[in-house]
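First up is the structure itself, then whatever we jot down about it.
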Amino acid sequence: DKGEITFDLAVKPGRAVGEVLRNTARYRYTDSRGTQTDWFLSNEATYAVTGTIAVTLKGETIPFAEPGATVAFRNVLTNTGTIAEAFEIALAGGNFPAGTAFSLFQADGVTPLADTNGNRTPDTGVVPPGGTRVIVVKATLPTSLVPGAYRITKVATSARSPAAPA
């Protein structure tokens, strides 16, 4: 019989570019008679750290907005890693009132933020190391808006390594 094992490897932050990581797996199996085997070690697999993925995302505060208005928040994403990467953009928890509608746009504030990698999530497209992208979040406020301080959380996540959010 034949078997196959696949896995993803997450490298902990702080590993140096060029560092070689070595990995072996311990495994056992049940044969066709129902007998479980002893433990075996796999062949060693090596992985070279080819770069780091890191990102920052800084938003702006709008001091005042009228009920029913659409306000635009400029957010600057910076690729602080050492390799080019695309970053998925999502909006999460906030305290805006029900009826607030949010939209993501490119820097011009008119062109919707696209999904460049086909996974149904808007993203930045590839950003070079040290490069920046401006993402505009527009909030259309309900006409019944009461005065208050409102917040929305913006999250940028590496398309290649979802464990690297900002």
Side-chain angles (χ1 to χ4, degrees), residues 1-59 73 75-107 111-140 150-166:
D1 288 337
K2 180 178 166 182
E4 181 178 310
I5 298 174
T6 61
F7 62 93
D8 292 321
L9 173 68
V11 177
K12 288 185 179 180
R15 298 290 191 167
V17 174
E19 183 177 356
V20 175
L21 307 175
R22 298 180 185 323
N23 188 49
T24 56
R26 216 173 83 135
Y27 69 96
R28 66 180 177 183
Y29 61 92
T30 303
D31 66 21
S32 61
R33 295 179 307 240
T35 305
Q36 195 168 56
T37 67
D38 290 332
W39 286 100
F40 298 95
L41 287 178
S42 68
N43 296 335
E44 182 178 81
T46 58
Y47 306 91
V49 177
T50 58
T52 59
I53 296 174
V55 62
T56 60
L57 182 60
K58 302 214 184 281
F73 301 86
N75 302 270
V76 178
L77 176 140
T78 304
N79 179 352
T80 57
T82 61
I83 58 176
E85 178 60 304
F87 297 94
E88 313 286 351
I89 306 298
L91 301 176
N95 66 343
F96 276 83
T100 304
F102 294 96
S103 307
L104 296 169
F105 293 89
Q106 293 181 27
T111 308
L113 195 62
D115 169 17
T116 66
N117 58 10
N119 69 351
R120 297 182 176 172
T121 302
D123 62 74
T124 59
V126 176
V127 182
T132 62
R133 291 287 186 276
V134 172
I135 296 123
V136 177
V137 177
K138 287 188 179 180
T140 301
Y150 298 104
R151 302 179 70 78
I152 186 76
T153 300
K154 291 132 340 232
V155 179
T157 304
S158 162
R160 187 181 345 208
S161 180

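From K154, atom NZ reaches atom CG of L57 across 6.5 Å, with rounding to the nearest 0.5 Å. Between the CG atom of N95 and the OG1 atom of T153 there is a distance of 9.0 Å, given to the nearest 0.5 Å. From L77, atom CG reaches atom OG1 of T132 across 8.0 Å, with rounding to the nearest 0.5 Å. A distance of 12.0 Å separates NZ in K138 from CZ in F73, rounded to the nearest 0.5 Å.
Across all non-hydrogen atoms, the minimal contact from V55 to F87 is CB-CE2, 3.5 Å. Here the shortest heavy-atom pairing between G81 and P129 reads O-CB, 3.5 Å.
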Residues L104, V137; criterion side chain to side chain contact (heavy atoms under 4.5 Å, CB included); working and verdict: CA-CA 5 Å; L104 296 169; V137 177; 3.6 Å; yes

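Sequence neighbours left out, the pairs with a member in residues 39-54 that pass side chain to side chain donor-acceptor pair (under 3.5 Å) are T52-T82. For residues 79-104, every residue pair satisfying the salt bridge (Lys or Arg N to Asp or Glu O under 4.0 Å) rule, not counting sequence neighbours, is listed here: E85-R160. Legend: salt bridge (Lys or Arg N to Asp or Glu O under 4.0 Å) pairs involving residues 26-41, not counting sequence neighbours, sorted by first then second residue: D31-R33. Applying the ring pair (Phe, Tyr, Trp, His ring centres under 6.0 Å) definition to pairs two or more places apart or across chains, those involving residues 14-37 are Y27-F40.
Looking at T24, its side chain never comes within 3.5 Å of a backbone N or O of L41 through a donor-acceptor pair. The closest donor-acceptor contact from the side chain of N79 to the backbone of G131 lies at 3.5 Å or more, if one exists at all.
Checking I135, T116, L113 one by one against D123, the side chain to side chain contact (heavy atoms under 4.5 Å, CB included) holds for a single residue, T116.
Considering only residues two or more places apart in sequence or on other chains, F105 meets the ring-ring contact (aromatic ring centres under 6.0 Å, His included) condition with none of them.
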Please table the atom pairs, donor to acceptor, closer than 3.5 Å between any side-chain atom in residues 13-22 and protein atoms at least two apart or in another chain.
| unit_1 | atom_1 | unit_2 | atom_2 | d |
| --- | --- | --- | --- | --- |
| R15 | NH1 | E19 | OE2 | 2.8 |
| E19 | OE1 | A16 | N | 3.2 |

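Crowding of K58 atom NZ: a count of heavy atoms from other residues, nucleotides or ligands under 6.0 Å not exceeding 12.
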